[in-house]
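For reference, the structure discussed in these notes is given below.
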Amino acid sequence: MSAETEEPMVKTIPQGGVPDPVDTEEAFSEMISALEADPGPVAVDAERSSGFRYGQPTVLVQFKTASGRIFLVDTLAISDLSPAQAALSNRIWILHDADQDLRGIAELGLQADLLFDTEVAARLCGMRRFGLAAVCEQLLGVTLEKEHQAADWSVRPIPRDWLRYAALDVDLLHPLYEILSSKLKELGRLEWAEQNFAAIMELAPRQKKPDQWRKGAAGKLTTPRQFATLRELWLTREEIAEEIDMSPSRLLNTSAMISVAAHPPRTRRELNKNSAFRSPRARQFEDEWMDALDRAKWMDEDDLPPVRRSTDPSYFPCYATSSYLRHRSSSISEVLKERVHKLAKKLDLEPMLIAPTAITKHLGWLLADFECADDDVANVEAELEELGCRQWQIDLIEPLTHNIPRR
């Protein structure tokens, strides 16, 4: 029976056991020496204090060398990892779902210059279940426990069972790397994967999305004044959460702020009718909440935010009228979507890996626009590159844009 059909074994102990955390300068220096003496790909993972500390900081970084040594670096004790950069350069970092971990590790002073992301590789090999435990199950016949995924990893000392879990997250990445590399080569998709890996390493540092404060408010708030109230409460919550180093949602949940913004209270008593605002944690900052409500109440009309978020269109027409584009672009997008799905089925890939909906929609506008041009042709390849598509995606998508019939 193959590894894909056998009942998977649950791996509970990493090879070589669970090491103590690297939490002193002396232990960190010893780790660097060990990394320098142990060349080859290194498995890497990170744990963040998501939902507990402000900014979701990376508080533990795990490494496993090609020879099997595991290091668990306590980044609350060792906050600058840059001295390990030379030891970790010019070698492949193996991660699963690398983008967030790489950004967090970069904030600690370490950058990857070669990457193999086992999640990306698994998806390019046609796997539909691509979480780490699922990939291990399908390729190795082994699965991993995930009970500490949502733990507060900033707790110190780190419980021994959590350290075991953290070590297991890097324990099987080397065999996955070997198997998936081989599969990608067989499929002729290793270059596709390498293009995706390069793009992941170029991702910008983590930053807040503009207008993030609007999340969840659509349809619940209807006036600029209400949105101003939400924004002032949200900004106040951010300031307090950063000051006390707490996740904003633990201080005060967003739904409570939206509820208060919809019907702004006039007094502290009215504010405290909302159970979230009268919680022991939030009530400490009652003065700040009332100040935020006052700022919104007396804000000049010109300073109020719009009810609808202002967004730039993905495409600015050159030749066609807006009415023509609205009608024609949707039919072109549907044709492209059908062709992408047909190609994806042939390649045994998820359609969104080839062309997400936003790409087919944008191309619908582009091609509809250039149908109205007398002597100009759309440069689809350049447009796709501008949209951030990898070259392998461009090579697959561009031929699909030819000979689109009128409907």
Side-chain angles (χ1 to χ4, degrees), residues 98-100 102-103 115 117 119-121 123-126 184 187-207 209-212 308-407:
D99 55 353
Q100 289 297 326
L102 284 183
R103 294 184 199 201
L115 172 67
D117 187 327
E119 182 190 85
V120 170
R123 297 182 73 181
L124 288 177
C125 288
L184 287 169
L187 292 167
R189 297 177 187 173
L190 183 58
E191 187 177 346
W192 295 8
E194 288 172 346
Q195 291 174 22
N196 281 29
F197 301 157
I200 291 170
M201 289 190 289
E202 293 172 0
L203 287 173
R206 292 188 295 174
Q207 52 187 324
K209 296 177 181 178
D211 281 1
Q212 187 177 347
R308 294 189 179 276
R309 183 191 324 229
S310 58
T311 55
D312 293 329
S314 73
Y315 181 78
F316 292 92
C318 299
Y319 302 103
T321 62
S322 296
S323 59
Y324 177 82
L325 285 178
R326 280 194 296 271
H327 169 73
R328 177 63 176 146
S329 65
S330 59
S331 65
I332 293 176
S333 296
E334 282 303 311
V335 172
L336 290 174
K337 186 177 178 180
E338 290 172 11
R339 292 180 178 183
V340 167
H341 277 254
K342 185 176 180 180
L343 177 60
K345 186 175 182 180
K346 179 181 176 182
L347 296 174
D348 191 24
L349 287 174
E350 302 164 80
M352 69 172 297
L353 288 180
I354 298 173
T357 301
I359 296 295
T360 55
K361 188 174 290 187
H362 182 97
L363 288 178
W365 283 79
L366 175 75
L367 297 174
D369 189 25
F370 275 81
E371 282 181 346
C372 299
D374 293 330
D375 57 356
D376 200 359
V377 178
N379 189 336
V380 173
E381 290 190 18
E383 197 78 14
L384 290 172
E385 184 177 354
E386 184 71 22
L387 291 171
C389 291
R390 322 295 178 241
Q391 187 58 51
W392 71 268
Q393 292 173 305
I394 295 172
D395 293 340
L396 292 179
I397 297 169
E398 196 278 335
L400 304 182
T401 65
H402 299 173
N403 303 315
I404 294 180
R406 293 182 177 272
R407 288 184 175 179

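For the numbers below, each heavy atom of this structure counts, side chains included, while hydrogens, waters and symmetry mates do not.
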CG of Leu124 to CG of Asp348, rounded to nearest 0.5 Å, is 11.5 Å
Point-to-point distance, once rounded to the nearest 0.5 Å, from NE2 of His327 to CD1 of Ile332:
10.0 Å
Using the side chain to side chain contact (heavy atoms under 4.5 Å, CB included) rule, take Leu363 and Ile397 through it: C-alpha gap first, then chi angles, then the decisive distance, then the call.
CA-CA 10 Å; Leu363 288 178; Ile397 297 169; 3.7 Å; yes
With a 3.5 Å cut-off and no angle check, do the side chains of Asn379 and Glu383 form a donor-acceptor pair?
no
Are Leu353 and Trp192 packed together at the side-chain level, in the sense that at least one heavy-atom pair is separated by less than 4.5 angstrom?
no
OH of Tyr315 to CG of Leu387: how many Å apart, nearest 0.5 Å?
11.0 Å
Can you name the closest pair of heavy atoms from Ala368 and Tyr324 and give their distance?
O-CE2, 3.5 Å
Closer than 3.5 angstrom, by distance alone: can the side chain of Asp369 be matched with the main-chain N or O of Cys318 as a donor-acceptor pair?
yes
Run the side chain to side chain contact (heavy atoms under 4.5 Å, CB included) test on Arg103 and Leu203 for me, step by step, so that the C-alpha distance in whole Å, both residues' side-chain angles and the decisive distance to 0.1 Å come before the verdict.
CA-CA 8 Å; Arg103 294 184 199 201; Leu203 287 173; 3.2 Å; yes
Under a 4.5 Å cut-off applied to non-hydrogen side-chain atoms, are Phe197 and Glu202 in contact?
no
Which is it for Cys125 and Leu184 under the side chain to side chain contact (heavy atoms under 4.5 Å, CB included) test, yes or no, and what are the steps along the way?
CA-CA 6 Å; Cys125 288; Leu184 287 169; 3.7 Å; yes
Using every non-hydrogen atom in the two residues, find where Leu115 and Ala98 come nearest and quote the distance to one decimal.
CD1-CB, 4.1 Å
Pairwise side-chain contact, Asp99 with Asp117, heavy-atom cut-off 4.5 Å (strictly under)
no
CG (Leu366) and CD (Glu371) are apart, to the nearest 0.5 Å, by 10.5 Å
Going from CD on Glu338 to CG on Leu343, what distance comes out if it is rounded to the nearest 0.5 angstrom?
13.5 Å
Mind checking the CE-CD1 spacing from Met352 to Ile359? Nearest 0.5 Å is all I need.
11.0 Å
Step through the shown structure and confirm whether more than 12 heavy atoms of other residues, nucleotides or ligands are within 6.0 Å of CD on Glu386.
no
Gly388 to Arg390 - nearest heavy-atom pair and separation:
O-NH1, 2.6 Å
Over all atoms of both residues, closest heavy-atom pair of Leu336 and Gly364
CD1-N, 4.3 Å
Backbone of Thr360 reached by a side-chain donor or acceptor of Ser333 within 3.5 Å:
yes
Looking only at non-hydrogen atoms, find the nearest pair between Ala320 and Pro317 and report the distance.
O-CB, 4.0 Å
Minimal heavy-atom distance between Leu400 and Arg339, with the atoms involved, is O-NH1, 2.6 Å
Would you check, one step at a time, whether the test side chain to side chain contact (heavy atoms under 4.5 Å, CB included) holds for Arg189 with Leu349?
CA-CA 12 Å; Arg189 297 177 187 173; Leu349 287 174; 3.5 Å; yes
Is the backbone of Gln391 close enough, under 3.5 Å, to the side chain of Gln195 for a donor and an acceptor to pair up by distance?
yes
